Amino acid sequence: MEVDSMRSIAIDGPSGAGKTTVAKALAERMGYYYVDTGAIYRSVGLYVSRRGSCDDVELVESCLPDIKVDLEYGEDGLQHMILNGEDVTAAIRNNEVSAYASTVSAIPAVRDCLLDMQRELAKEHNVIMDGRDIGTVVLPDADVKIYLTASVEVRAKRRWKELQEKGDTTPLETVMEQIEQRDYADMNREVAPLRQAEDAVVVDTSELNLEESIDAVYQVIREKLGEEEA
Ligand code: DC
């Protein structure tokens with residue numbers, strides 16, 4: 001029997017709940033690999049957006065053999081997304097790519113294609129992995145499972161602020177509508193919909209600032225792994 005000595009922490013939840021920021025900070029604190037699985041779907045979304053419409057499932061499927069997504073960890077300790085040799089870390093962070101990522105992520109062939117990649121990473125490293133189906137599908141035996149959430153108003157405001165800092169002037173109402181649409185799509189798709197794993201601990205960050213959110217999640221990890229390990 002294979003002995004799996006690696007630790008894995010799964011953080012799932014809707015967009016804008018703070019998963020990425022919290023997971024990144026804790027990975028650094030704990031010396032774990034941070035894997036942002038949304039960024040992997042975004043890279044596929046970006047590739048498809050450059051080819052045409054993502055509503056054409058056959059076209060998306062036909063693209064898959066040509067897509068090579070690599071994760072590189074730079075000296076900055078951050079995850080860089082490399083799409084067929086091109087660093088797309090910044091290019092995947094806009095609203096258009098968000099919508100493409102959400103659409104391609106509902107296609108079973110896309111999910112199958114990315115599943116092994118995510119599991120391999122967890123086999124090779126202690127990971128904190130964030131996404132939508134990590135605790136339910138990708139790593140059902142994760143040592144710690146957290147469902148990080150917040151109200152739609154709070155999540156929209158956070159995303160809107162981020163966009164404004166980047167010079168994107170999309171109005172708050174539009175950002176809120178986009179978040180609601182993505183929530184609906186992510187929670188109601190047939191394959192691997194976003195839902196809370198039965199054994200996940202829910203952390204609601206609506207009333208918490210960033211530091212408090214990080215501490216709340218760290219507390220759950222310490223309780224599950226024990227103080228020596230976390
Ligand atoms: O977390 P994010 O906004 O970067 O994710 C982009 C899209 O990818 C989101 O609409 C849902 C999808 N996704 C997914 O289906 N499964 C994951 N494990 C991670 C993201």
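Ligands are counted one by one from 1 in listed order, and the atoms in each one are counted from 1 as well. In this text the structure is predicted, and so the values were computed from the model without any measurement.
Remark: Arg51 is positioned above the aromatic ring of Tyr47, its terminal NZ or CZ atom under 6.0 angstrom from the ring centre and at most 45 degrees off the axis. With Tyr218 as the aromatic partner, Arg29 meets the cation-pi criteria of under 6.0 angstrom to the ring centre and within 45 degrees of the ring axis.
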Is there any protein N/O under 3.5 Å from an N/O of ligand 1, and what does the full list of such pairs look like?
| residue | atom | partner | partner atom | Å |
| --- | --- | --- | --- | --- |
| ligand 1 | 1 (O) | Arg132 | NH1 | 2.8 |
| ligand 1 | 1 (O) | Arg132 | NH2 | 3.3 |
| ligand 1 | 3 (O) | Arg42 | NH2 | 3.0 |
| ligand 1 | 3 (O) | Arg132 | NH2 | 3.4 |
| ligand 1 | 3 (O) | Arg182 | NH1 | 3.0 |
| ligand 1 | 4 (O) | Arg42 | NE | 2.6 |
| ligand 1 | 4 (O) | Arg42 | NH2 | 3.4 |
| ligand 1 | 10 (O) | Arg182 | NH1 | 3.3 |
| ligand 1 | 10 (O) | Asp186 | OD1 | 3.3 |
| ligand 1 | 10 (O) | Asp186 | OD2 | 3.3 |
| ligand 1 | 15 (O) | Ser105 | OG | 3.4 |
| ligand 1 | 15 (O) | Arg111 | NH1 | 2.8 |
| ligand 1 | 15 (O) | Arg111 | NH2 | 3.4 |
| ligand 1 | 15 (O) | Arg189 | NH1 | 2.8 |
| ligand 1 | 15 (O) | Arg189 | NH2 | 3.0 |
| ligand 1 | 16 (N) | Arg111 | NH2 | 3.0 |
| ligand 1 | 18 (N) | Thr37 | OG1 | 3.0 |
| ligand 1 | 18 (N) | Arg132 | N | 3.2 |
| ligand 1 | 18 (N) | Asp133 | OD1 | 2.9 |

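Between Lys145 and Ala197, the closest heavy-atom pair is CD-CB, 3.9 Å.
Hydrophobic cluster membership is shared by Val35 and Leu139, with clusters built from Ile, Leu, Val, Met, Phe, Trp and Tyr side chains linked at under 4.5 angstrom. Under the 4.5 Å side-chain contact rule for hydrophobic residues, Val137 and Tyr147 do not share a cluster.
With values rounded to the nearest 0.5 angstrom, Ile214 atom CD1 is found 11.0 Å from Leu208 atom CG.
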